[in-house]
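The block underneath contains the structure these notes are about, expressed in structure tokens.
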Amino acid sequence: MLRYSLATQAGASTLAEGLSTPTWGYNGALLGPVLSIPRGRPVHIRVTNALAQSLTTHWHGAIVPGDMDGGPHSPIQPGATLDYRFTLDQPGATLWYHPHTEYRTGAQAYAGLAGMLLVDDGIDRKLGLPHTWGVDDIPVIVQDRRIAASGQLLYMSEAMRDLMGMKGDRFLVNGRERPYVDVPAQRVRLRLLNGSNARSYNFALNDNRPFDVIASDSGLLARPAATRALLLGPGERAEIVVDLAKDQGRALLLQSRSGEVAHRLGSSSDDWDTWDLRTFDVLRLNVTRPTGASASVPKRLADIDALALAGAPVRRITLQGMGKNMKSMGAQVDRGAPPNSGPGGMSLGIAGQSLFSLNHRFFDMSVIDQRARLGSVEIWEFVNDREMAHPMHIHGVAFQVLSRNGSPPPAWERGWKDTVLVRTGETVRVGMRFTQLADAAHPYMYHCHILEHEANGMMGQFTVA
Ligand code: C2O
Ligand code: CU
Ligand code: CU
């Protein structure tokens, strides 16, 4: 049994040069340690909550039973401890963990509670992919924040606009603004995690060179997919390999070319801020001398088994975001969010409003929306005929993206995933098999990963029996 322990705590961090910001973290002031969990080994993770408000910790992408999933039904009270025990039997992948507290996921993640969780099956080493942590295998957690001149984090400080999704105007990688990393002049693997509450990024390199996508959310692709730009919605991950062999002594910029995708993402200008309409820098790569142990990217990476979907039931899930009349809607029914505040008095905003829905229903902790059978295969169809894009996430499974508006998805989406961006005007079908149990006391969630949508109704629950 491998043991890990995580403790939430409050502290102060330098997110931006010259500012001290009150933040929350796991085992530190901000974010959390990278947990590397070997495939197939039983683990015990003890989570202690040293903060003054209750929270949960969810293992996003981990295929574990409902009672170990850390959803909103498993709160950890202030001062209390919760023991998670599970064995991950799933391919090597870049997952993550974050709170999943009723009404509070967005605020608590924004305050700093999030970390990477790697499933390690050793296949990346066998294939010769870059795998030297911190040298040619780099974690890149991308988040945006709004910060006051005092250093204080601002959350939901522009109330009506931020209800569309909390976006910041400062861009952090691994908790730091204007980030840079020294990397060797060879192939380098970046593990991209869009850990932002609401913003999508269209990742690209400043000289527009192609790079290889080798993994999607839940594991390696069948073969590398070359592209010059990669769109990731909140909650999504991808592993990319960039060839820097000829770049020693130069600097390269990982950017987001957001302006190129804004109009294909959604049609609501209410949802765009200035950053969504332009290109901006995310991470500077300073290319230094090679380490000598240069890695490769083989043509075959993994076998992705096709799901036996003939005759599988199709569940249709329609997405409702705020319409054009949102600004006139005013406050909806507030279902009683707790009054606590965030680090340094950060506002927790308002949550629990009925603003976003799935199948025209608002999240209700006491209602089971879908029931699946253990071992069965299903197709879920997300239908978005509204103005905004919604990154839809399903707990307890990895799925395959079957189609976008009837067409096959791009090459980098033809692997295992747990979150898929459903753009305006799109119908996206995903297929999956349910391999873990979740009862009505600890059901799985499915929801939009724009955390302010999740907190305001855009979530449902399902059991697997
Ligand atoms: Cu990243 Cu329901 O969670
Ligand atoms: Cu999740
Ligand atoms: Cu949404």
Side-chain angles (χ1 to χ4, degrees), residues 32 55-66 68-74 90 93-106 108-110 113-117 141 143 162-167 193-200 217-218 232-237 265-266 268 270-271 317-323 326 353 355-358 362-363 365 382-399 417-424 426 428 432 436 438 442-462:
L55 51 80
T56 81
T57 294
H58 164 61
W59 322 103
H60 178 133
I63 303 173
V64 297
M68 292 291 125
D69 188 51
H73 295 265
S74 307
Q90 61 187 97
T94 303
L95 314 182
W96 64 306
Y97 59 95
H98 60 75
H100 218 302
T101 319
E102 199 190 12
Y103 306 129
R104 288 289 171 248
T105 302
Q108 291 174 346
Y110 191 87
L113 294 174
M116 243 183 209
L117 188 164
I141 305 175
Q143 297 174 307
D162 295 342
L163 275 174
M164 304 285 278
M166 179 66 212
K167 290 175 178 172
L193 158 58
N194 181 351
S196 303
N197 282 35
R199 189 185 297 280
S200 294
D217 300 330
S218 314
L232 289 185
E236 286 190 292
R237 291 87 64 210
L265 262 180
S268 166
D270 281 354
D271 175 41
I317 295 163
T318 61
L319 318 183
Q320 294 80 41
M322 302 257 344
M326 113 164 236
Q353 314 274 312
L355 298 178
F356 300 90
S357 56
L358 298 174
F362 301 105
F363 180 65
M365 283 262 281
F382 296 112
V383 182
N384 184 1
D385 61 3
R386 303 300 175 93
E387 291 87 356
M388 287 183 69
H390 299 281
M392 296 304 300
H393 169 50
I394 308 175
H395 288 209
V397 296
F399 56 67
K417 286 178 62 60
D418 56 52
T419 306
V420 65
L421 198 53
V422 184
R423 290 173 288 197
T424 186
E426 267 188 330
V428 176
M432 67 209 130
Q436 302 283 328
H442 298 95
Y444 289 131
M445 304 292 132
Y446 59 99
H447 58 92
C448 175
H449 220 286
I450 293 178
L451 297 177
E452 290 68 38
H453 297 188
E454 178 255 25
N456 291 297
M458 203 166 192
M459 178 154 66
Q461 328 191 73
F462 70 103

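Whatever order the structure lists ligands and atoms in, that order sets their numbers, starting from 1. The figures that follow rest on heavy atoms only: side chains count, while hydrogens, waters and symmetry mates do not.
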Sorted by chain and number, sequence neighbours left out, salt bridge (charged side-chain N to carboxylate O under 4.0 Å, His left out) with D69 holds for none
Is the distance between the Cu ion (ligand 2) and the nearest N/O/S atom of H100 smaller than 2.8 Å? no
Residues forming a side chain to side chain donor-acceptor pair (under 3.5 Å) with Y444, sequence neighbours excluded: none
N, O or S from H58 under 2.8 Å to the Cu ion (ligand 2): yes
Heavy-atom distance under 4.5 Å between the side chains of H447 and M392, does that happen here? no
Using modelled atom types and a 3.5 Å cut-off, is there a donor and acceptor pairing between side-chain atoms of T318 and backbone atoms of V383? no
By atom name, which N, O or S atom of H453 is the nearest to the Cu ion (ligand 3)? ND1
D271 and R199 ion-paired at < 4.0 Å: no
Results of side chain to side chain contact (heavy atoms under 4.5 Å, CB included) for S74 - residues two or more places apart only: L82, H442
In the protein, N/O/S atoms that are found under 2.8 Å from atom 2 (Cu) of ligand 1, waters not counted: H100 NE2, H395 NE2, H447 NE2
Under 2.8 Å from the Cu ion (ligand 3), is there any N, O or S atom belonging to H390? yes
Take M459 and F362 through the side chain to side chain contact (heavy atoms under 4.5 Å, CB included) test and state the conclusion after the steps. CA-CA 7 Å; M459 178 154 66; F362 301 105; over 6 Å; no
Under 4.0 Å between a side-chain nitrogen and a carboxylate oxygen: does that hold for K167 and D162? no
